[in-house]
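What follows is a single structure, written as structure tokens, with notes after it.
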Amino acid sequence: MSSTPPIDNLGTYDAIVVGARCAGSPTAMLLARKGYKVLLVDRATFPSDTISTLIIHPGGVSSLRRWGLLDRLVATGCPPIDKYVFDFGPFALEGTSGTPESPVTYAPRRTILDKILVDAAAEAGAEVREGFSVDEVLFDEDGRVTGIRGREKDGRQVSETARVVVGADGRHSRIAKSVEARQYRDGPELNAAYYTFFSGLPVKDIEIYARDWRGIGAWPTHDGLTLVLTGWPYSEFETNRRDVESSFYSTVDLVPEFAGRVRAATREERFVGAGIRNFFRKPFGPGWALVGDAGYNKDSITAQGIQDAFRDAEVLAGALDEVFAGASTYDDALGRYHAARDAHVLPMFEFTCQLATLEPPPPEMQQLLGAIHGNQEATDQFIRTFAGVTSPAEMFSPDNVGKIFASAEQRAGSGVLASPR
């Protein structure tokens, strides 16, 4: 049986997008801008918050610029971030991840970012229904998805049909579960991260502190607040969440100078956190597609989620445009979307999972970090890798690693490398 939907529109909508945050709103917006009839639904109302690292790396910033939305974000007073600092204890690596097109990073509150995205989708012509709960995915007799049944904000039950239903409803996606999307590269939770917000804690860069079996991060966001995040191995999750505050501060205390700043600041919000499974799902099938965290998920330690959602929304919208316009079959266009997604993200997925264990770096990585230290070009490349600008496959290729070691030997004059341990 072919999963190619008919080119003529047999549904009320060309696309129904379930989930209106960083993956769903851009998908709906881009399709609506191309003239398609789109319904965007979310059980939340906006503005509203959600668990997030907040970070939009330069690739995501470039997406906002292409879509004409970056100026809106800048106008909210979100502070630009110019530099990343990775503190390994004996030394730190400081550099930039920026590109000529997008020299800075932002970390906006999701109450602000997601509202910008939802409004942009509505302005593009998408019909937006907030407070809408999806109860059921509809199928035809051949097993093809044809729409959704759900409840409006007032409790009224409705059914809507479309040529394609897009699941942008997060890692616990109802759409993915309903269509039994095949899951692969499935891995367990590797660490548990908890964060909160402080006032009176001036931080202008992304500060990351790596210690054995612990991680700490801090970066600025809206309203003069700083997000501070701590992480520990998932095996300690149940123990540490019994007293999150104590676990949080005992982790921060591993970096005395930073801990002094944190303890002198004022905590403004509750602790929020979770452990995240690592997996891929096949992102399309007869009448359905997945985007963002619904399609694949990786630990938040590299903060790639928003950037990934933006990129995949753009690729998926382009693929669906090909199908709706009759330029490609559904299987071919969505197959290319699937292949492009996995090829792009797999090296970062593996790199992220390695970092997420919070294990002390093995000897070969210690040597490489020592060789990078003092080499600004290599430092910036390492930081661009963390930010998803440079692929880990390129950063850690034998040729590139050889160049880094050769440069370190030239600087040292004796072939003796510094070590971060």
Does [Y] offer a backbone N or O that forms a donor-acceptor pair with the side chain of [X] under 3.5 Å?
{"X": "Ser133", "Y": "Gly150", "answer": "no"}
{"X": "Ser173", "Y": "Asp169", "answer": "no"}
{"X": "Tyr36", "Y": "Leu30", "answer": "no"}
{"X": "Thr379", "Y": "Asn375", "answer": "yes"}
{"X": "Trp67", "Y": "Leu117", "answer": "no"}
{"X": "Arg281", "Y": "Arg171", "answer": "yes"}
{"X": "Gln366", "Y": "Pro361", "answer": "yes"}
{"X": "Glu130", "Y": "Ala20", "answer": "no"}
{"X": "Thr196", "Y": "Arg270", "answer": "yes"}
{"X": "Asp42", "Y": "Ala44", "answer": "yes"}

Looking only at the side chains, is there a donor atom on one of [X] and [Y] sitting less than 3.5 Å from an acceptor on the other?
{"X": "Tyr337", "Y": "Asp312", "answer": "no"}
{"X": "Thr221", "Y": "Arg110", "answer": "no"}
{"X": "Arg66", "Y": "Ser63", "answer": "yes"}
{"X": "Asp135", "Y": "Gln157", "answer": "no"}
{"X": "Ser407", "Y": "Arg411", "answer": "yes"}
{"X": "Thr12", "Y": "Thr161", "answer": "yes"}
{"X": "Ser52", "Y": "Arg21", "answer": "no"}

How far apart are the closest heavy atoms of [X] and [Y], and which atoms are they?
{"X": "Ala218", "Y": "Phe258", "answer": "CB-CZ, 3.7 Å"}
{"X": "His222", "Y": "Pro79", "answer": "N-CD, 4.3 Å"}
{"X": "Gly95", "Y": "Asp380", "answer": "CA-OD1, 3.2 Å"}
{"X": "Ala265", "Y": "Leu201", "answer": "CB-CB, 3.8 Å"}
{"X": "Val323", "Y": "Ala333", "answer": "CG2-CB, 3.7 Å"}
{"X": "Gly292", "Y": "Ala23", "answer": "CA-CB, 3.7 Å"}

Counting only heavy atoms not in [X], do more than 12 sit closer than 6.0 Å to its [atom1] atom?
{"X": "Glu364", "atom1": "CD", "result": "yes"}
{"X": "Glu377", "atom1": "CD", "result": "no"}
{"X": "Lys115", "atom1": "NZ", "result": "yes"}
{"X": "Arg267", "atom1": "CZ", "result": "yes"}
{"X": "Asp186", "atom1": "CG", "result": "yes"}

Report yes if some heavy atom in the side chain of [X] is under 4.5 Å from a heavy atom in the side chain of [Y]; otherwise report no.
{"X": "Phe198", "Y": "Val203", "value": "no"}
{"X": "Thr76", "Y": "Ile116", "value": "yes"}
{"X": "Ser247", "Y": "Thr230", "value": "no"}
{"X": "Leu320", "Y": "Leu334", "value": "yes"}
{"X": "Phe88", "Y": "Leu93", "value": "yes"}
{"X": "Glu350", "Y": "Pro392", "value": "no"}
{"X": "Val38", "Y": "Tyr13", "value": "no"}
{"X": "Cys22", "Y": "Asp114", "value": "yes"}

Mind checking the [atom1]-[atom2] spacing from [X] to [Y]? Nearest 0.5 Å is all I need.
{"X": "Phe237", "Y": "Asn191", "atom1": "CZ", "atom2": "CG", "value": "10.5 Å"}
{"X": "His57", "Y": "Ser97", "atom1": "NE2", "atom2": "OG", "value": "7.0 Å"}
{"X": "Arg129", "Y": "Leu40", "atom1": "CZ", "atom2": "CG", "value": "10.5 Å"}
{"X": "Phe132", "Y": "Arg151", "atom1": "CZ", "atom2": "CZ", "value": "9.0 Å"}
{"X": "Phe405", "Y": "Leu368", "atom1": "CZ", "atom2": "CG", "value": "5.0 Å"}
{"X": "Thr96", "Y": "Asp205", "atom1": "OG1", "atom2": "CG", "value": "10.0 Å"}

Is the [X] ring parallel, tilted or perpendicular to the [Y] ring (thresholds 30°, 60°)?
{"X": "Tyr84", "Y": "Phe86", "answer": "parallel"}
{"X": "His373", "Y": "Phe91", "answer": "parallel"}
{"X": "Phe396", "Y": "Phe351", "answer": "tilted"}

> Under the criterion side chain to side chain contact (heavy atoms under 4.5 Å, CB included), which of Thr105, Ile306, Leu70 is the partner of Ile56?
Replying inline: Ile306
>> Could you walk me through whether Leu355 and Asp299 satisfy the side-chain contact (heavy atoms from CB on, under 4.5 Å) test, starting with their C-alpha distance in whole Å, then the side-chain angles of each, then the deciding distance to 0.1 Å, before giving a yes or no?
In response: CA-CA 9 Å; Leu355 293 179; Asp299 193 274; over 6 Å; no
So that I can tick it off, tell me whether [Y] and [X] are bridged by a salt bridge, with the cut-off set at under 4.0 angstrom between side-chain N and carboxylate O.
{"X": "Glu180", "Y": "Lys177", "result": "no"}
{"X": "Lys37", "Y": "Asp14", "result": "no"}
{"X": "Glu269", "Y": "Arg109", "result": "yes"}
{"X": "Glu394", "Y": "Arg384", "result": "no"}
{"X": "Arg261", "Y": "Glu257", "result": "yes"}

> Taking the six-membered ring of Tyr296 as reference, does the NZ or CZ atom of Arg185 fall below 6.0 Å from its centre and within a 45° cone about the axis?
Replying inline: no
> Think Lys282 forms a cation-pi with Phe284, using NZ or CZ under 6.0 Å from the six-ring centre and within 45 degrees of its axis?
Replying inline: yes
>> I'd like to know whether Leu369 forms a side-chain contact (heavy atoms from CB on, under 4.5 Å) with Phe382, so could you lay out the CA-CA distance, the side-chain angles of the two residues, the decisive distance to 0.1 Å, and finally the verdict.
In response: CA-CA 9 Å; Leu369 292 172; Phe382 175 81; 4.1 Å; yes
>> So if I apply the ring pair (Phe, Tyr, Trp, His ring centres under 6.0 Å) rule between Tyr184 and each of Phe349, Phe279, Phe280, which one comes out positive?
In response: Phe280
>> Determine whether Val137 and Trp288 satisfy the following criterion, side-chain contact (heavy atoms from CB on, under 4.5 Å), listing intermediate values before the conclusion.
In response: CA-CA 10 Å; Val137 175; Trp288 60 268; over 6 Å; no
> So which of Asp308, Asn278, Thr352 actually passes side chain to side chain donor-acceptor pair (under 3.5 Å) with Lys298?
Replying inline: Asp308
